[in-house]
Structures are given as C-alpha cells and as structure tokens.
Amino acid sequence: MQQESAAPQVGEPFPLSTLRHSVSHLMASAVEKLYPGVRFGFGPSIEHGFYYDFELPEPLEEKDLAKIEKEMRRIAQKSPELVCEEVTRDEAKARLAKLGQTFKVEAVDLIPEGEKITFWRHGDWFDLCEGPHVDRLNRAFAFKLLSIAGSYWRGDEKRPMLQRIYGTAFWKQEELDAHLKWLEEIKLRDHRKLGTDLDLFSTHQEAGGGFVFWHPHLGAVRHALEEFLAEEHQRRGYDFVFTPHVVREQVFQVSGHLQNYAEMMYAPMLIDEMPYRVKPMNCPGHVMIYKTRAHSYRDLPLRFSELGTVYRYERSGVLHGMMRVRGFTQDDAHIFCTPDQLEAEIADVLDLIDTVLKTFGYSYTAYLATRPEKAIGSEEIWAKATEALKKGAAKRGLPLELDEGGGAFYGPKIDFKIRDSLGREWQMSTVQCDFNLPERFDIVFTDTDGHQKRPIMLHRAILGSMERFIGGLIEHFGGKFPVWCAPKQVALIPIREEHADYVRELAKTLQHELFRVTCMDDPGHMNNKIKEAQKLQIPFMLIAGDREVAERAVAVRRRGTREQEVMSFADFRALLVRLRDTRSLELA
RNA sequence: GCUGGUGUAGCUCAGUGGUAGAGCACUCCCUUGGUAAGGGAGAGGCCGCGGGUUCAAUCCCCGCCACCAGCUCCA
C-alpha cells in the first residue's frame, strides 16, 4: 500500500501530502471556473488523496469529473505559480466576504488568535490556507478525481450539506496506476460481492436492513471460528455462559444503559404489561450471574464468556453489508477480579488476543486509552488500573501507543487495530477496565481480611463481533479461506462416471472425519466441475481417473495453481488433518 | 438521519408510454471427457412496494422500503 510520508521521498520535490493539497486547490479553481458563484468549504489532503467541499446550485454528477479534470490541466499550464500572501484578520474576512465566501469567512474565525493568516494564490484564484504548497502546478505529477459525495459543513449534520469531490495525486503515473489497481482489488474483494459469488450470506428487503442471513458456506466458517475460540477460552480458564436476549427494562435502568444508551436501544415490548427490552450489551446478564451467590477472593478471577447476540439501533444510512448491522454477535467476556489480579488477567487476555489474531495472519498495533475529562472512579483506582494495563503489556513485550484521554468514562482500556492483507487498518480487539458496573450493581467479594470489597470488571472482545470480523476476514483472504475454516475444504471430481463410486467412497471417509467436502459425482464434464470448484475457492480438488482408482491415489490440485500432484489418498488425508489441526494458513 | 444515485430472471446487465430481452447459472436430451466454458432444447419475471397522471405505466409524478457513494456515529 502507498505510504504517506511527511518528508519528500528521494527524487520528489515535495511531500506527497503537499502535492495533494495543492491539487485540491487546483481542483477548486477549476470548479470555480466551470461553476461561477460556487462557495468553498474545506479542501485538505487525506490519507490516500484529497477532497474539497463545495456549495453548488446543482448536484454534480460522476460525468462532470472528466470535465473538471480537463479544466484542471488547462489551468495548471496557464497559471502554474502558487504564491503565498500574508494578510491581516480583518483584511482576510473583508476580501472573502466581498466574494460571498461565507464558509471561508467562518473559517477565518477558526484560526487561533496570534497565528499568521495567509492566502495562497495561483492565477486569479486564491484560497484561505496555511499551506504549504508545491511551487508550481505544472510540475510532473499524476492525478485523478474519483468520486462525489455529500458532506456537512464542518461535519455537523445541523449545518448545510456541501458536495465533496474526492481525488488523488502522485508524483508518478505508475504510482497512480498502482493506487487505482489497489482500489480495484478492494472492490473485487468486497465482502458483499464475494458474499453473493461464494454464496456466503444475504440480507433481505422484506426482513429489513442490517440483519444478516448466514448461508451454509458462511455458517461453516463461523462454526470453525467458534470452535477455535471455544478451545482457546477453555484452555485459559474461561467459563461459558448464556444469557437471555430479552429482559425486563429495569435491568438496564440499574446498568445505566437506559440513561446513557437509550437512542441505540429498541423500544420496549410489553409482556404481562411489564416493559421488556432486547439487550444491546451482554454485561448486565453476566453481572446478574455473578450476583447469585456470595464470592470470596478465593473464587476470583471469574471469567464468563458468551457469544452474545445484541441488537442496536443504527441509523439507516450507516448500514453496510456485514460490517455495520443492527443485530450482531459479540465474542464477549467479563472477568471479575481483585485489583491485585488485574495485571495477570490483562496479560492473559493480551496473550489470547495475540494467539487469535496471528492465526488469521493479522498484524496489529495496541493503543492505551487513558482517563478522559469526564470519568467516574477515584484517581487512585484509575492510576492503578492504567498501571496494570501497562504492566500487563510490558510483561508480554507488547508496545503500547498512547491514546491520551481516549478511555471510556468507566475505565481505561487497550484497543487493538489490525492491519489486513490489503494494508487497511481496522479497530478490532479491546480490553476495558470497568469501575462503573460493579458499583451500579453493587457487586462485592469477601477479601482475605474478611471485609467486603468491590471487584474490578474487565470487558473484553477479541474479534469484536462475528459479523464484522468475518466480513473483514472475507476481504482479508479475498474468499480464499485457509483449510481449517474454509466453507468447503475438498472438492472431489471423477474423470468419468465409472470413477464416481471411488470418489464417493473417499468423500464419505473425509466427511466422517469431519471434513467439509463437496462430491461432484453427478454426470457432467470434468472441466466444468474444475471450473466450479475453482470459482468457489475450494482449497483442494481431488481428481480421480483410472490410474488413481487402481492405486488408491488422488490427483491433488491446490487452489491458486494449475499443477497437480498425485499422492496416495492416505498421504493426502494426513496432509489435510495436519493443515486443519494446526490451523495453517498454507496449503502444503 | 442527511445529500446524491440505484432497484428489470438466481447472478451480471440491456430496453421501451402499448404488460419484456441477452450472457452466465438452472432443467432435460445428446456428449465418457486427464485439469477453467462440448452440442441442442426448455423453463424461469407483480420490471422493489403503494398511490397518482393517462385510453394505456416497468418507463412520467408522489410516498415508502431496500441497496450504493459519502457525511455523522459505531462492534
């Protein structure tokens, strides 16, 4: 993936972000030329390019982009020099007001007192901007306008909606081409596209948006993941619990969700004239289990885990495939422990996270989020918990980036961002200390001194939610799942119909060993079956003809290659078992 | 929720103010084929849903639902 660097790379006159910002100015001037009277919003460089926001009387269309690009090239040749001019605050506002640039006038007020106010100009177009910029717009570079979207002025939905044009720029055409190819690859791997192509999941207009239907293929993936998670949890001393999806509203009164989270929760339903709510989180349920008996320090830590399905209201416009839905299952757990146990528990959770994420080939970065302005709990407990998070990480040699003041109001946390095979970052795992719920539900344990004390509650999720994680996984692997979690692991293909019995026998053997196989034994051409298996990204094809039947062998064709390897069925089976049981990412 | 766009066969997409088409997939027949498309025939559509305009609406208008690109928010 493209790297954005603060400093220019070797052979490049300016940093990429400077170039992109300058190209956004170039674009703005072209838009002004084509649409006189346009009002300008902001136009910064961003991670992979730039954008500029405009207020136009007419909506832009995709096809207008070519026109704007053409005008940009014309301007770059005609008036290439970019020059900076310092102005006073009053002068800036007066000149912008005279042009009717109301958003820009407002932008002047956003500049802190005492800072320089500058205009950057090329030709007769100028913009309020702190720079820096490239010196000339006719330097060698490559750019492309990519898309149009709406966006609120200053990101505030109560303010006017502007039209945003996204684009990108690079110093070299090859780099732009590579970037466009990357965007293309992202589109090809889109989990929604692969979701239909590989028959993974669906959503339904008649069922409502934001609800995912898992088809057999994706059900197999999820089942494999759940099994993996269960093993790793059991190994680490977690207990499995199950809690109801619907409980009396008063539970969320006590937990505080009704006060702080109501707009995410669905309306109450009446059962025996009593209001009930669908759960938006699993924590209250786990606390209720904790509360059913008195706990001694000897019982702790208690680790309750649940694949808990929750329902949350999301605004219709944010729903997105499996990634953003209204009902989803969290791989949730709550650890109840004494303050002294916190550090060891955190280290253990970090180990679990590491194990799980590495199994999928994800690399990750961890962020320590500390006390925000508005927080509950004493300074001491915050300091102690933050220290425990730090020490737990240190114990595992895990470097922490600092997210100052990014903690939840109820406690500090460590968040994980994973990097997928396309170089994109996603927020995933999280470990959060909670001083709030133990308080609200008044849970206690009896300490060594015989006194009742407050346990600390640790919330943690490894995958986050099955929906979002697996949606991401589809794109990470591009549909090419490793053997252990592939929807179908083996496709069996007879060369002629007379080999079908042999193939059926092998299929039965593998299925008895809990492999997911598809036996393509119906009459039809071998080549079509190979095409089909290839399309479904099945890791292994076993093809059998006269030679294989005679020797109890199989011709093995691995996903992604056209080569075949003939081996005994026993050897293949051993290979398959090893790949599955080690959860290998390889096919050899 | 907001701005703009889209909704036609299982999938990808043409199309028209006079109730619809292609390719792939599917079914059947022929083909027995050594690693990505053999040949033929057939079936399949309340043209997202509801209302309006019109002699007539899949097409024009309005409302709703869902989806897409973003904004804002988030597991």
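Excluded from the calculations below are hydrogen atoms, water molecules and symmetry mates; all remaining heavy atoms, backbone and side chain alike, are included. In the text below, chain A, chain B and the rest are named by the order of the sequence lines, each starting its count at 1.
- The nucleotide range of RNA chain B contacted by chain A, defined by atoms under 4.0 angstrom from heavy atoms of the protein and reported 5' to 3', is B:rG1 to B:rA75.
- The separation of B:rC47 from B:rC60, taken at their C1' atoms, amounts to 15 Å, rounded to a whole angstrom.
- B:rU16 and B:rU53 have their P atoms separated by 26 Å, with the value rounded to a whole Å.
- B:rG10 sits 15 Å from B:rU27 when the P atoms are compared, rounded to a whole Å.
- Note on A:Gly472: nothing from the nucleic acid sits closer than 4.0 angstrom, heavy atoms only.
- For A:Thr518, the side-chain hydrogen bond (donor to acceptor under 3.5 Å, both in side chains) test picks out no residue, with sequence neighbours left out.
- Using a 4.0 Å heavy-atom criterion, one finds that A:Gly155 contacts the sugar-phosphate atoms exclusively.
- Within the nucleic acid shown, A:His320 comes within 4.0 Å of sugar-phosphate atoms alone, with no base atom in reach, counting heavy atoms only.
- Comparing B:rG48 with B:rA41, their P atoms sit 31 Å apart, to the nearest whole Å.
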Given Watson-Crick and G-U pairs under 3.5 Å, RNA chain B in dot-bracket ([ ] crossing, | other strand) is (((((((..((((....[..)))).(((((.......))))).....(((((..]....))))))))))))....
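- A:Val310 comes within 4.0 angstrom of no nucleic acid atom, judged by non-hydrogen atoms across all strands.
- Evaluation of the side-chain hydrogen bond (donor to acceptor under 3.5 Å, both in side chains) rule for A:His334 yields A:His286, A:His459 as partners, not counting sequence neighbours.
- Using a 4.0 Å heavy-atom distance criterion, A:Arg547 is classed as a base contact.
- Comparing the same atom, P, in B:rG15 and in B:rU8 gives a spacing of 14 Å after rounding to whole Å.
- Residue A:Leu319 is in sugar-phosphate contact alone, with no base atom involved, counting any heavy-atom pair closer than 4.0 Å across all strands shown.
- Using P as the reference atom, B:rC71 and B:rC28 are 50 Å apart when rounded to the nearest Å.
- Counting any heavy atom pair closer than 4.0 Å across all strands shown, A:Asp546 reaches a base atom.
- Classified by interplanar angle (parallel below 30°, tilted 30° to 60°, perpendicular above 60°), the ring pair A:Tyr266/A:Tyr313 is perpendicular.
- Residue A:Gly545 is classed as a base contact, given a heavy-atom separation below 4.0 Å to a base.
- Using atom P as the reference point in both B:rG63 and B:rG45, the two lie 32 Å apart (nearest Å).
- Nucleotides B:rG51 and B:rC46 place their C1' atoms 16 Å apart, quoted to the nearest Å.
- Among the protein residues, A:Tyr311 comes within range of no part of the nucleic acid, since none of its heavy atoms lies under 4.0 Å from any strand.
- Across all strands, A:Ala555 comes closer than 4.0 Å to base atoms (heavy-atom distances).
- Not counting sequence neighbours, the partners of A:Glu55 by the salt bridge (charged side-chain N to carboxylate O under 4.0 Å, His left out) test are A:Arg39.
- Under the salt bridge (charged side-chain N to carboxylate O under 4.0 Å, His left out) criterion, A:Glu498 pairs with A:Arg496, sequence neighbours left out.
- Within the nucleic acid shown, A:Ser151 comes within 4.0 Å of sugar-phosphate atoms alone, with no base atom in reach, counting heavy atoms only.
- Sequence neighbours left out, the pairs with a member in residues 364-373 of chain A that pass salt bridge (Lys or Arg N to Asp or Glu O under 4.0 Å) are A:Arg371-A:Glu379.
- In this structure, A:Glu206 reaches neither bases nor backbone, as no heavy-atom distance under 4.0 Å exists between it and the strands shown.
- Remark: A:Arg562, A:Gln564 in residues 558-567 of chain A come within less than 4.0 Å of RNA chain B through at least one heavy atom.
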Test log, rule side chain to side chain contact (heavy atoms under 4.5 Å, CB included), inputs A:Ser429 and A:Leu357 = CA-CA 9 Å; A:Ser429 317; A:Leu357 295 185; 3.9 Å; yes
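- Contacts of A:Gly464 with the nucleic acid, taken as non-hydrogen atoms under 4.0 Å apart, involve only primed sugar atoms and P, OP1 or OP2.
- For the salt bridge (charged side-chain N to carboxylate O under 4.0 Å, His left out) test, residues two or more places apart in sequence or in another chain that qualify with A:Arg324 are A:Glu314.
- Looking at which nucleotide of RNA chain B each of A:Tyr261 and A:Gly208 is closest to, the 5′-most match is held by A:Gly208.
- Residues A:Glu61 and A:Pro494 both approach RNA chain B. Their nearest nucleotides, taken by heavy-atom distance, put A:Glu61 toward the 5′ side.
- Using a 4.0 Å heavy-atom criterion, one finds that A:Phe469 contacts no nucleic acid atom at all.
- Ion pairing between A:Glu226 and A:Arg222 holds under the 4.0 Å rule for side-chain N and carboxylate O.
- Applying the side-chain hydrogen bond (donor to acceptor under 3.5 Å, both in side chains) criterion to A:Arg547, with sequence neighbours excluded, gives no partner residue.
- Ring-centre distance between A:Phe240 and A:Phe242: not below the 6.0 Å cut-off.
- By the side-chain hydrogen bond (donor to acceptor under 3.5 Å, both in side chains) test, A:Glu32 pairs with no residue at all, sequence neighbours left out.
- Residues passing the salt bridge (charged side-chain N to carboxylate O under 4.0 Å, His left out) test with A:Arg154, sequence neighbours excluded: A:Glu106.
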